[in-house]
Amino acid sequence: MKVIAFALVLMPLICGAAEPLLPMAEGTTWNYELVQERPSASLDLTEPNEQERLSVSYRVGGTAKIDNKDLRRLEIYRGDTLDTVDLIAVEERGLICPARVLPEGAIIKLIPPQMMLSTPLKTGTKWDFDGTIGDTKVNQRYEIVGEEDVDVPAGKFHAWRIHCEQILPTPATIDRWFVPTTGFVKVETAVKGPSGGVLQKSSLSLKEPPKVTSAPQKNSPPQPEKLSAGVSNEPRGEFKTDFKSDAPAIYARWRGQGLPDHAKIRASFIADNVADVSADYEIDEASAVAPTPNSSGTFTLSQPEGGWAPGNYRVEFFLNDAPTETVKFKISK
């Protein structure tokens, strides 16, 4: 549903059936301000609606081949983060979108390919999209209702207004203002509830004329949660895998990087294969809370009376109760 809702505002940006309609050079970028507005959660009906402002950009990228057809990449960014990529084609009847690339890299198809703009541009032109985007059923009715003057941060424009009534997956109205040789300069969306009331309004406004730019620098991906561990016969000594039965204590040490806030680290000391002890018998358990995302700690298992029984042991480490690391060691006479 997130993909569909975001597409209500952002999907049709650059359109046309002939080159003069707008620039299509690789790197051509449209920078917008997206304002999302929803009713306040407060019970006080006099409270103003809640607003969120975001920077959104569209950029013409390279090409991609889907079903043996060359398509242009229309990259959609929220800030500097790539959100989705629409794969588009310019045909004699207008601009179509046969497929979309999701953030995780999965490709979903629009069946049939969605008409993003029908040409020639003239009042009264209508078209429908009654199909699927991935597994989601979508039903939309489009009409070019006429020409209007529109004022946005990028300037004043004389634009074609295109109105859409969406029935599925969520009732909504979408109005777009398109300027030949420039592109879409404004998009307004109102998502409606079952009773017909407006649940959310969005406005996308062009901040400056389109220009050729390089792709935003990719943000470094967040480091995955990592917990490394080992055992030693000293609090700060080297890790070992073999111990003598007279070792005063066994120290299970852990180090975390990029851990969640207040992460719980738990260690379970287990006898794997020890004489006169049941297999997988838990000897002891200890836990601690990591004070920072990058921190370390030590669990200590003291020598039992009479010394350690020879055999195979292991320590299982858990991060927030999820198995993370297993350290095996052996005790001999």
Task: Min side-chain heavy-atom separation I283-I270 under 4.5 Å - done: no
Task: Validation row: K192, T173 side chains within 4.5 angstrom (heavy atoms) - done: yes
TODO: Using a 4.5 Å cut-off on heavy atoms from C-beta on, say whether the side chain of S332 contacts that of K244.
DONE: yes
Open item on the list: Restricting to non-hydrogen atoms, name the atom on T29 and the atom on S57 that form the minimum distance, rounded to 0.1 Å.
Closed with: CG2-CB, 4.3 Å
TODO: For S232 and E238, indicate whether the former's side chain and the latter's backbone hold a donor-acceptor pair under 3.5 Å.
DONE: yes
Open item on the list: On a heavy-atom basis, which atom in F318 and which in S268 lie closest, and how many Å separate them?
Closed with: CE1-CB, 4.3 Å
Open item on the list: Less than 4.5 Å apart, side chain to side chain, heavy atoms only: is that true for F329 and I250?
Closed with: yes
TODO: Treating Ile, Leu, Val, Met, Phe, Trp and Tyr as nodes and any side-chain heavy-atom pair under 4.5 angstrom as an edge, say whether V145 and F184 lie in one connected cluster.
DONE: no
Task: Main-chain N/O of A322 paired to T324 side chain as donor or acceptor, under 3.5 Å - done: yes
Task: Evaluation steps, side chain to side chain contact (heavy atoms under 4.5 Å, CB included), between F243 and V231 - done: CA-CA 10 Å; F243 298 84; V231 292; 3.8 Å; yes
Open item on the list: Restricting to side chain to side chain donor-acceptor pair (under 3.5 Å), what partner residues turn up for K69, sequence neighbours left out?
Closed with: E91
Open item on the list: As an exercise, state the distance from OH of Y313 to CZ of F269, rounded to the nearest 0.5 Å.
Closed with: 12.0 Å
TODO: For residues P310 and V274, report the shortest heavy-atom separation together with the two atoms involved.
DONE: O-CG1, 3.5 Å
Task: side-chain contact (heavy atoms from CB on, under 4.5 Å) involving T28 - partner list, sequence neighbours excluded - done: P23, A25, W30, V60, P210, V212
- [ ] Would you please test L117 and R176 for side chain to side chain contact (heavy atoms under 4.5 Å, CB included) and show each step?
- [x] CA-CA 11 Å; L117 186 73; R176 305 180 176 103; over 6 Å; no
- [ ] Taking the side chain as every heavy atom from C-beta outward, state whether L121 and F178 have any pair of such atoms under 4.5 Å apart.
- [x] yes
TODO: Check the pair I144, K122 against side chain to side chain contact (heavy atoms under 4.5 Å, CB included), reporting the backbone distance first and the verdict last.
DONE: CA-CA 7 Å; I144 300 177; K122 63 179 181 179; over 6 Å; no
Task: Nearest atoms (heavy-atom pairs only) where P98 meets L87 - done: CD-O, 2.9 Å
- [ ] Determine, using the 4.5 Å side-chain heavy-atom cutoff (strictly less than), whether V327 and F239 are members of one ILVMFWY cluster.
- [x] no
TODO: Mind checking the NZ-OG spacing from K186 to S203? Nearest 0.5 Å is all I need.
DONE: 5.5 Å
Task: Interatomic distance, E75 atom CD to D86 atom CG [nearest 0.5 angstrom] - done: 11.0 Å
Open item on the list: Working to the nearest 0.5 angstrom, can you tell me the gap between M116 CE and F129 CZ?
Closed with: 11.0 Å
Task: Side chain to side chain, K109 and I66, heavy atoms closer than 4.5 Å - done: yes
Open item on the list: Taking D246's backbone N and O only, do any of them form a donor-acceptor pair with Q303's side chain (distance below 3.5 Å, no angle check)?
Closed with: yes
TODO: Spell out, yes or no, whether Y281 and W308 are grouped together once hydrophobic residues are joined by side-chain heavy atoms under 4.5 Å, including indirect joins.
DONE: yes
TODO: First locate atom CD of E316, then atom CD of E282, and finally report the distance between them rounded to the nearest 0.5 Å.
DONE: 8.5 Å
Task: Salt bridge present between E33 and K207 (N-O < 4.0 angstrom) - done: no
Open item on the list: Side chains of N31 and K211, heavy atoms from C-beta outward: is any pair under 4.5 Å?
Closed with: yes
- [ ] Answer whether the closest heavy-atom distance between the side chains of L206 and T182 falls below 4.5 Å.
- [x] yes
Open item on the list: Please determine whether residues V35 and L54 belong to a single hydrophobic cluster, defined as Ile, Leu, Val, Met, Phe, Trp and Tyr linked transitively by side-chain heavy-atom distances below 4.5 Å.
Closed with: no
Open item on the list: Donor-acceptor check, side chain of R255 to backbone of A229, threshold 3.5 angstrom: yes or no?
Closed with: no
Task: Short side-chain to backbone donor-acceptor contact, R73 and V85, under 3.5 Å - done: no
Open item on the list: Please determine whether residues L74 and I96 belong to a single hydrophobic cluster, defined as Ile, Leu, Val, Met, Phe, Trp and Tyr linked transitively by side-chain heavy-atom distances below 4.5 Å.
Closed with: yes
Open item on the list: With a 4.0 Å cut-off on N to O distance, would you call K330 and D272 a salt bridge?
Closed with: no
- [ ] Work out which heavy atom in S295 is nearest to a heavy atom in L259; give both atom names and the distance.
- [x] OG-CD1, 4.4 Å
Task: Closest approach of K264 to S287 (non-hydrogen atoms, all atoms of both residues) - done: CE-CB, 4.0 Å
Residues 148-162 side chain polar contacts: donor-acceptor under 3.5 Å, at least two apart:
{"unit_1": "E148", "atom_1": "OE1", "unit_2": "W177", "atom_2": "NE1", "d": "2.9"}
{"unit_1": "E148", "atom_1": "OE2", "unit_2": "R161", "atom_2": "NH1", "d": "3.3"}
{"unit_1": "D149", "atom_1": "OD1", "unit_2": "H158", "atom_2": "ND1", "d": "2.8"}
{"unit_1": "H158", "atom_1": "NE2", "unit_2": "E147", "atom_2": "OE1", "d": "3.3"}
{"unit_1": "R161", "atom_1": "NE", "unit_2": "D175", "atom_2": "OD1", "d": "3.0"}
{"unit_1": "R161", "atom_1": "NH2", "unit_2": "D175", "atom_2": "OD1", "d": "3.0"}

Open item on the list: Run R72 and E26 through side chain to side chain contact (heavy atoms under 4.5 Å, CB included) and show every step you take.
Closed with: CA-CA 9 Å; R72 294 298 299 271; E26 183 171 346; 4.1 Å; yes
Task: For D130, the option from K137, R141, Q140 that meets side-chain hydrogen bond (donor to acceptor under 3.5 Å, both in side chains) - done: K137
Open item on the list: Please determine whether the number of non-hydrogen atoms from other residues, nucleotides or ligands lying under 6.0 Å from atom CG of D276 exceeds 12.
Closed with: no
- [ ] Working to the nearest 0.5 Å, report the span between CZ of R266 and CH2 of W254.
- [x] 14.0 Å
